[in-house]
Amino acid sequence: MAIAVGPSMSAQSLDFGRLTEEYSKLTVREVISSTSGVALAQLVATRAAIQLLTLVDARRFCRVELVPPGGGTTHHFQKVVSVAPTASGEPSADITLQDPTLTDVTAALTMFRIGTFVGDMAQRQAAVNLAEVVGIAHGNGINRDMNADIYASLNANTTNTRTLTGVGVTVNYAWADIFGIRGQIEKQRGRPDTFVTFPQLPAVGAGVEVGWYPFVLSNITSVQYTAALADYLRTGSIAEVFGLRLFVDQVYALAKNMSAVGDELAHCLVSNEATGWAQAEDIVSEVQRWALQVGFRIVTHSIGKSAKVLEEFIGSIQHL
C-alpha cells in the first residue's frame, strides 16, 4: 500500500504529532495487521517529508514545475530567448522587429528511492518509534539524491565562471570572487539572489581549508563583515550575505576534495529562473510483506529531475 505526501501539502498539514498520538500505543505488528500497512506507510512518508523541511532543500531555489499525470517521462521547460532591442530613431522610421526565440529545455525524469527491511523480531517495537527512525533515514537519503541532482545541473555551467588557481592544492574563495561572479551574472541582466556552497573540507597539499566556514573565519575581522557577524554570533547561522540567500550543504561537495581542475566551490544564481525542477511525484512510502526473509520492506521514493534552464543566470567559482 502506497501513501503519498503531495507537493502541495504545507508543513502544517504534515501533522506527525497527530499521527503519533493516534498510533502511539500500537506495535508495528498491530499497525500492519489491522490496517494492511497503510498507517505505517503514512507515518514513514509524513516523517520523511518533515525531514526534508529540516534540511537544505535545493528545490527551494529552483523553478519548480509539476508534471501532470499522463505527462510522460520527459518534461519540457519552456525557454524564451529575447534579442537586444534596436536603437530608437525618428518616428517616421519603421520599427525593426525583434522576434524572441522560443525553445525548451528537457528533463528526463528519474526516481529517487530508498528501502529498509524490518524483520518480524522488530514487530514488537512501537510503531511510532520505528516510523520516526525510518522516516528520518528515508528523508535524509532522498534529500541527498535530489540535491545532488540539482547541483549536477549547476556544475554543468560554463557561461559565467571565476577560477581559483592552485595546482593540486585547495584554494578558498574570497570576497572578490563572490562579487566578481555576481557581477558576471548582472552583466547578463540577471539579478542574482542565491549563493550555494558547502560547509567545510580539509586542506589538500599545501593548501588551506575550504568552504563557507573557513571563508567566515578568514574574514571574521573584515569591516564589510561586521554587520553580518552580529547575527552569526547570536544565532550561529547567516541567512543572507549581501542580498544572497545562503544554501550551505555538504552534499554539494559530494565525492570532491576541491583541489582538482573543474571542482566547483560555490555557485551564484537567480532563483526560480536559472535551474528547473520537474516534480512528478513527491514523497511516497509503501509497505510490502517479504516472507522469504520473515519480515517486511518499507520503500520510499520520489520522482523528479533537474535541468539547467537559463545558464546565463548561473555563475560558478571553480578550481583551475
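The model shown is predicted, which means the values in this text are computed figures rather than measured ones.
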| Lys256 bridged to Glu264 by N-O distance under 4.0 Å | yes

| Transitive ILVMFWY side-chain link Leu55 to Val133, under 4.5 Å | no

| task | Please check if any side-chain donor atom of Tyr173 sits under 3.5 Å from a side-chain acceptor atom of Thr197, or the reverse. | result | yes

| query | If we ignore angles and hydrogens, is there a donor and acceptor under 3.5 Å between the side chains of Asp249 and Asn147? | reply | yes

| said: Looking at Gln293, I want to see if its CD is surrounded by more than 12 non-hydrogen atoms of other residues, nucleotides or ligands under 6.0 Å. | reply: yes

| query | Between OH of Tyr151 and OG1 of Thr275, what distance do you get to the nearest 0.5 Å? | reply | 10.5 Å

| field | Between Phe242 and Trp175, ring centroids under 6.0 Å | value | yes

| task | Please test Thr163 against His319 for side-chain hydrogen bond (donor to acceptor under 3.5 Å, both in side chains), starting from the C-alpha separation and ending with a verdict. | result | CA-CA 6 Å; Thr163 55; His319 198 84; over 6 Å; no

| request: Can you see which heavy atom on Met146 is nearest to which on Ser302, and at what distance? | output: SD-OG, 4.0 Å

| request: From the options Thr74, Asp149, Thr110, select the one residue that forms a side chain to side chain donor-acceptor pair (under 3.5 Å) with Lys305. | output: Asp149

| field | Any side-chain heavy-atom pair of Ile178 and Phe215 under 4.5 Å | value | yes

| message | Within the structure provided, determine whether Asn272 and Phe61 are in side-chain contact (heavy-atom separation under 4.5 Å). | response | no

| field | Single-linkage hydrophobic cluster Val248~Val196, side-chain heavy atoms < 4.5 angstrom | value | yes

| query | Can you check whether Gln250 reaches Leu201 side chain to side chain, under 4.5 Å on heavy atoms? | reply | yes

| message | For Arg289 versus Phe296, what's the shortest heavy-atom pair and its separation? | response | CA-CB, 4.0 Å

| request: From the options Gln188, Arg189, Glu273, Gln184, select the one residue that forms a side-chain contact (heavy atoms from CB on, under 4.5 Å) with Glu312. | output: Gln188

| said: According to a hydrophobic-cluster definition based on side-chain heavy atoms being under 4.5 Å apart (Ile, Leu, Val, Met, Phe, Trp, Tyr only), do Val251 and Ile283 belong together? | reply: yes

| said: Could you check whether Gln51 and Asn140, counting side-chain N and O atoms only, form a donor-acceptor pair closer than 3.5 Å? | reply: yes

| Any side-chain heavy-atom pair from Phe77 and Glu65 closer than 4.5 angstrom? | yes

| His76 versus Asp104, side-chain donor and acceptor atoms under 3.5 Å | yes

| message | Does Arg113, at its CZ atom, have more than 12 non-hydrogen atoms belonging to other residues, nucleotides or ligands within less than 6.0 Å? | response | no

| said: Using side-chain heavy atoms (C-beta onward) and a distance below 4.5 Å, is Asp177 in contact with Asn172? | reply: no

| said: Is there a continuous path of hydrophobic side-chain contacts, each under 4.5 Å between heavy atoms, that joins Ile314 to Phe179? | reply: yes

| said: For Glu311 and Thr158, which I'm curious about, is there any donor-acceptor pair between the side chains at under 3.5 Å? | reply: yes

| field | Hydrophobic cluster identity match, Val171 and Phe198, side-chain contacts under 4.5 Å | value | yes

| field | Ion pair Arg245/Glu240, N-O distance below 4.0 Å | value | no

| query | Which atoms form the tightest heavy-atom contact between Ile185 and Gly315, and what is the distance? | reply | CD1-N, 3.6 Å

| request: Would you check if Val67 and Leu109 make a side-chain contact, meaning some heavy-atom pair closer than 4.5 Å? | output: yes

| task | Indicate whether the side chain of Tyr252 and that of His267 have a donor and an acceptor atom separated by less than 3.5 Å. | result | yes

| Heavy-atom side-chain proximity of Val309 to Arg63 below 4.5 angstrom | yes

| query | Taking atom types as modelled, is there a side-chain donor on Thr106 or His75 under 3.5 Å from an acceptor on the other? | reply | no

| message | For Ala307 versus Val105, what's the shortest heavy-atom pair and its separation? | response | CB-CG1, 3.9 Å

| query | To the nearest 0.5 Å, how far apart are CD1 in Ile181 and CD in Glu186? | reply | 11.5 Å

| field | Close side-chain approach of Val44 to Arg47, heavy-atom, < 4.5 Å | value | no

| request: Compare every heavy atom of Asp263 with every heavy atom of Ser259, then report the nearest pair and how far apart it is. | output: N-OD2, 3.5 Å

| request: Would you tell me whether Gln279 and Trp277 have side-chain atoms, one donor and one acceptor, within less than 3.5 Å of each other? | output: yes

